[in-house]
Amino acid sequence: MELSVNIDHVATLREARKEDFPDPIYAAIEAELGGADGITLHLRGDRRHIKERDLELLIRIIKTELTLEMAPTQSMANIAARVKPHCITLVPESSGEVTTQGGLNLLQVKEDLKLYISELKEKGIVLGIFIDPDAEQVKEAVRIGAQYIEINTTKYSGLKQLKQRNLKDEIIQIARVAKAARREGLKVHAGHGLDYRNIQALLSVTEISTFSIGFAIVGRAVFVGFRQATNEMVRLIKGVK
Ligand code: PXP
């Protein structure tokens, strides 16, 4: 199992003061030195944290895989085609949301995503879609040509206060969807709201190949540094004592 570290919230801190630091590029390098297998960033339409400058520098500087989270818009497709990140995860975006709300509902999207995806794949970019843990969404992801899904773990992450039984049910549902995706030949990523505690139980879902984690790592990094915060998560995910 691998870890891709989402560095958006280093940029959130930078933008809080409109300064040129802390720089998400440094965070990415520290994350790699801490053992991250990849770096993820979300270039939002409103550019509230990550900027095009960050994306352009990161693709040249990092040694691991760069995943760009983006809304399926024409302007983002143009940027992606120019910068060519290793992977793209398509996510829904709405103005005013604090963070991504839910997976992309593939049963409802109006855009011609099949064509959109095939044009980006032709550029050599690996295409994934952020979806809720729902087998119908997996079927649709396969139909439109996705190469991986990222299972939205928001519900699972929010269950920490609730009864243990709900937590188990949610893990079972995530495992069911992960298995269905693997049977169809898709790789399975998972993320959103994962932290140093709730990651443990999800490690039982062995179909998941990559975890995408940001906020918990950035929060821990304030106290122990980015390299160590990443390394602590890497050790949990890879089962290193
Ligand atoms: N996956 C997706 C699609 C996201 O939008 C985010 C948040 O940017 C994450 C994973 C990481 O979530 P968190 O910051 O809660 O770890």
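In this text the structure is predicted, and so the values were computed from the model without any measurement. Just follow the structure's listing: the first ligand is 1, and inside any ligand the first atom is 1.
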Polar proximity ligand 1 side, Glu150 side, N/O cut 3.5 Å exclusive: yes
Using a 6.0 Å cut-off, check whether atom CZ of Phe215 has over 12 heavy atoms from anything other than its own residue. no
Do the side chains of Glu15 and Arg47 get close enough for a salt bridge, i.e. N-O under 4.0 angstrom? no
SB check Arg235 Glu232 (cutoff 4.0 Å): no
I need the atoms of ligand 1 closer than 4.0 Å to a non-hydrogen atom of Phe130, numbered in the order shown. 3 (C)
Students should be able to answer this: which protein heavy-atom is nearest to atom 5 (O) of ligand 1, and at what distance? Thr100 OG1, 2.7 Å
For Ala216, state whether at least one heavy atom is located under 4.0 Å from any atom of ligand 1. no
Salt-bridge contact Lys238-Asp37 (side-chain N to carboxylate O under 4.0 Å): yes
Look at atom 8 (O) of ligand 1 and say which protein heavy atom is nearest, naming residue and atom and giving the distance to 0.1 Å. Asn6 ND2, 3.3 Å
Show which atoms of ligand 1 fall inside a sub-4.0 Å distance from at least one heavy-atom site of Gly193. 12 (O), 13 (P), 15 (O), 16 (O)
Atom indices of ligand 1, in the order listed, that fall short of 4.0 Å to a heavy atom of Val91: 3 (C)
Considering only non-hydrogen protein atoms, determine which one is nearest to atom 11 (C) of ligand 1 and report residue, atom name and distance to 0.1 Å. Ser212 O, 3.9 Å
When every non-hydrogen atom of Gly103 is compared with those of Asp132, the smallest separation belongs to N-OD1, 2.9 Å
Quick check: does Gly214 get an N/O under 3.5 Å from an N/O on ligand 1? yes
Note, Asp23 side chain near Val10 side chain (heavy atom, < 4.5 Å): no
Can you check whether His42 has an N/O within less than 3.5 Å of an N/O in ligand 1? no
Please classify the Phe215 to ligand 1 contact at 4.0 Å (heavy-atom distances, strictly less than): side chain, backbone, both or neither. both
By the definition salt bridge (Lys or Arg N to Asp or Glu O under 4.0 Å), identify the one residue from Glu52, Glu97, Glu69 that meets it with Arg44. Glu97
Using a strict cut-off of less than 4.0 Å between a Lys/Arg side-chain nitrogen and an Asp/Glu carboxylate oxygen, indicate whether Glu170 and Lys155 qualify as a salt bridge. yes
Would you call Glu136-Lys139 a salt bridge at under 4.0 Å N-O? yes
Distance to 0.1 Å, residue and atom name: give those for the protein heavy atom nearest to atom 9 (C) of ligand 1. His192 CD2, 3.8 Å
Shortest protein contact, atom 2 (C) of ligand 1 (heavy atom only): Glu69 OE2, 3.2 Å
Measuring from the heavy atoms of Thr89, does anything fall under 4.0 Å of ligand 1? no
Have a look at ligand 1 and work out which part of Thr40, if any, has a heavy atom under 4.0 Å from it: side chain, backbone, both or neither. neither
Using a 4.0 Å cut-off to any heavy atom of Asp8, which atoms of ligand 1 qualify? 8 (O)
Pairwise side-chain contact, Ile151 with Tyr156, heavy-atom cut-off 4.5 Å (strictly under): no
